[in-house]
Structures are given as structure tokens and as C-alpha cells.
Amino acid sequence: MSERQYQIYGIGAALVDTEIEVSDSELIELNVEKGMMTLVDAERQQAIADALSGHLVYAKRASGGSACNSVVAASYFGSRCFFSCKVATDEDGDFYLGDIRAAGVGSNFDSADNRENGITGRCLVLISPDAERSMNTHLAISESLAPSELNHDALAASEYVYIEGYLVTSPTGLAAAIEARNHAQANGVKTSLSFSDPGMVEFFRDNMAAIVGEGLDLVFCNEAEAQVWAGSSDRDAVIAAMKTAAKQFVITRGGDGALLFDGETLTEIDSHPVKAVDTNGAGDMFAGAFLHAIACGHDFISAGHFAAKSAATVVSQYGPRLRPEQYPELKASL
């Protein structure tokens, strides 16, 4: 097969992240569920921001969204990437598109500025002293991401499609995810999915199963998400359940490393010990680095070690992304 135009085609929510450092007591006072992604309306999100206004001097803004973070990472590592999303004709939308273009990622806005009026999605990422991130997301225009945002030609010309599990919360987003999977399978494109968050698997189980369909090529998840999918914390039951979702899978386990299944062999790899200050984006970085590695022909174990090292680097600093100059050094270790 000739080399495809893109190695990774991602689809997911476009969110502008604002990270704020908070204490555990402030999370309790604000009734924020620690370590989870919670969908909120604009008023609730603004109320949280107002309550933490004294912290905003420390806040950092970045374009985000789970799949976007992964695709941007892969692009900085050298993969050819495309991303489908939905942003509005506002300043945050300008910021977002400028950011992914700077990373070398193509998008469904490249051929025409076909944005709609509205508000670009935003996420308040609250970082507690133990480095845990608690996300409060207002999807705004991202909630109406639909099959019309897909670029079918770019998708068919890709090696992998990478679908963000957060799309299960929106009827049109779910339809876009299923359409992306179907079009990929019809064109020999490998399918991959991130479960994204334990709440997505627990509260939108039927929708997640609809994306999985008869089975995908590759699923990324953390241990909590895998256990919710399996309905069990028993390791053998979890592995058996994951094998029904995909031919291959990766289960990240934080400081305990990761479990990799390449379709034949189950392998445990260790994490890279670091002092974590911010876990926001760790799973996204792992997936982006892993996809880059396997799209470049590396085996699962090499990809896993590279992804673990990349994720360890991102949690040792604030923000879901690395600085552009950090990627070449990591890539040299692959």
C-alpha cells in the first residue's frame, strides 16, 4: 500500500483550557468532583471562575480537548495529522485554530473559514496539590459537532482514525463518531478510540458501545475506565472485556505503568518515575505518542515505553502539552 496522506485523523471536542491551581478544600466548597470531567453550563463555569478569581493571575490558557491534545503531540513528534472539530467565530476560536495550525495539524477549517457564530468550548482545569486534575467543561458550540464536520477524503487517506470518547455526551457528536468509524472501516483505515473518562463509560455505556460496534482495532483507556467497561475489578475479567472491544488495547495505570495487548501478547511496562505536578493531559500525551510510534512502524513495547516517557514528562510540568522544543529530545529516545 502506498503511503497515506495522513497517519492520524482525530475527531473530538475543541476546548480552550484554563488551568487554575486550587486546594482540596476549595474543590469541596465549590462542589467539584475531584479527578473527573463534569459537563457544566456557561453560568456554572463562570461561577467557578468567579469564585477562583484571585487565582486567575496564575491561570494558563491553551487549546485543548482530549483528542486534540493527542493529535497535536503526534504532529510535533513528526506524524502527519488532521483534526475535525467545531469552533465559533470568536476570539477563542481564532486562538484555537492558530494553535493547532502552529503545530502543523490540518483541520476541517483549512479550505474555508466556515465557522458559525457562537461560543467556542471552554474547560476550567482545576489542579489540586496532589497533581490531580478536575475538569469543568462547557462544550458550547462543540456540543453540535456533527458528521458534517468530517472531511471524508482526509479520513479515507489516513492510516488511523482516533475518536474521542467524550463524543458520547452529544447526539450529533455520537453520530459523527459512528460515521467516522464506518467510513474508516470502509476504506481500510484502522480504528482507535479513547474511553476518555470513567463517567463516559458508566453513564453513556450504550453510546460508547455504539462507537465500539462490532469491535475496533485499538482502544486506549485507564484502569478505572477498563474496570467500568468490564463491570469488574478482577484483572482477568477486565482483560477479557477489553478483548471484546478491540483487537488491541492499552490500559494506562498511572504510576504503575501500563498494560499493552498487541493482539497476541499481553505485556506490562513500568512508568517513568517523576514528581507529578499536573496530571492534565497525561493520557492524551500517552495516546498521541503511542499512535505516532506505531504509525511509524514501531512495535507495541517500544511504543509503550516511548509513550510512558512522554506522559511522565508532561505530568512533571503544568499544562497538557509540552513545549515545542521538548518533542525532538523525546523523539530521539524512540
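In this structure, I163 is a member of the same hydrophobic cluster as L15, with clusters built from ILVMFWY side-chain heavy atoms closer than 4.5 Å.
Between F220 and Y162, the ring planes lie perpendicular to each other; the angle is over 60°, past the 30° to 60° tilted range.
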(Q) Could you go through L216 and R181, starting from their C-alpha distance and side-chain angles, then the distance that decides it, and tell me whether this counts as side chain to side chain contact (heavy atoms under 4.5 Å, CB included)? (A) CA-CA 8 Å; L216 304 173; R181 182 205 69 209; 3.7 Å; yes

Q: Kindly indicate, with the supporting measurements, whether the criterion side chain to side chain donor-acceptor pair (under 3.5 Å) is fulfilled by K86 and S144.
A: CA-CA 8 Å; K86 191 161 189 176; S144 61; 3.2 Å; yes

**Q.** CA sep, side-chain torsions, deciding dist, call: V22, I127, side chain to side chain contact (heavy atoms under 4.5 Å, CB included)
**A.** CA-CA 6 Å; V22 299; I127 310 299; over 6 Å; no

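Side-chain atoms of H152 and E179 form a donor-acceptor pair, as typed in the model, at a separation below 3.5 Å. One side chain, S63 or D99, offers a donor N or O that lies under 3.5 Å from an acceptor on the other. Donor-acceptor pairing under 3.5 Å is recorded for the side chains of R321 and N69. Defined by atom type and a distance below 3.5 Å, a donor-acceptor pair is present between the side-chain atoms of D284 and S66. Defined by atom type and a distance below 3.5 Å, a donor-acceptor pair is present between the side-chain atoms of D50 and Q46. Between the side chains of S232 and D234, not a single donor N or O lies within less than 3.5 Å of an accepting N or O. A donor-acceptor pair shorter than 3.5 Å can be found between the side chains of T89 and N117. Between N280 and E19, the side chains place a donor N or O and an acceptor N or O closer than 3.5 Å (distance only, hydrogens not considered). Between the side chains of S302 and D299, at least one donor N or O lies within less than 3.5 Å of an accepting N or O. Between the side chains of T172 and S170, at least one donor N or O sits under 3.5 Å from an acceptor N or O.
Taking a cutoff of 4.0 Å between a charged side-chain nitrogen and a carboxylate oxygen, E268 and R253 qualify as a salt bridge. Using a 4.0 Å cut-off between a side-chain N of Lys or Arg and a carboxylate O of Asp or Glu, D17 and R133 do not qualify as a salt bridge.
Looking only at side-chain heavy atoms (C-beta outward), I211 and L174 come within less than 4.5 Å of each other. Contact annotation: the side chain of Q227 approaches that of S233 to within less than 4.5 Å [non-hydrogen atoms, C-beta and beyond].
Between the side chain of S158 and the backbone N or O of A154, at least one donor-acceptor pair lies under 3.5 Å. Proximity of a side-chain donor or acceptor of T279 to a complementary backbone N or O of V315 within less than 3.5 Å is not detected. At least one donor-acceptor pair under 3.5 Å links the side chain of S196 to the backbone N or O of Y166.
The two atoms that bring M242 and V219 nearest to each other are CE-CG1, 3.7 Å, heavy atoms only.
Not less than 6.0 angstrom separates the ring centroid of Y160 from the ring centroid of Y6.
Residues that satisfy the side chain to side chain donor-acceptor pair (under 3.5 Å) test with R80, not counting sequence neighbours, are absent from this structure. Partners of D217 according to the salt bridge (Lys or Arg N to Asp or Glu O under 4.0 Å) rule, which considers only residues two or more places apart in sequence or in another chain, are K247. Under the side-chain contact (heavy atoms from CB on, under 4.5 Å) criterion, A303 pairs with F290, A293, I294, not counting sequence neighbours.
Geometrically, K243 engages F261 in a cation-pi contact, judged by NZ or CZ lying under 6.0 Å from the ring centre and within 45° of the ring axis.
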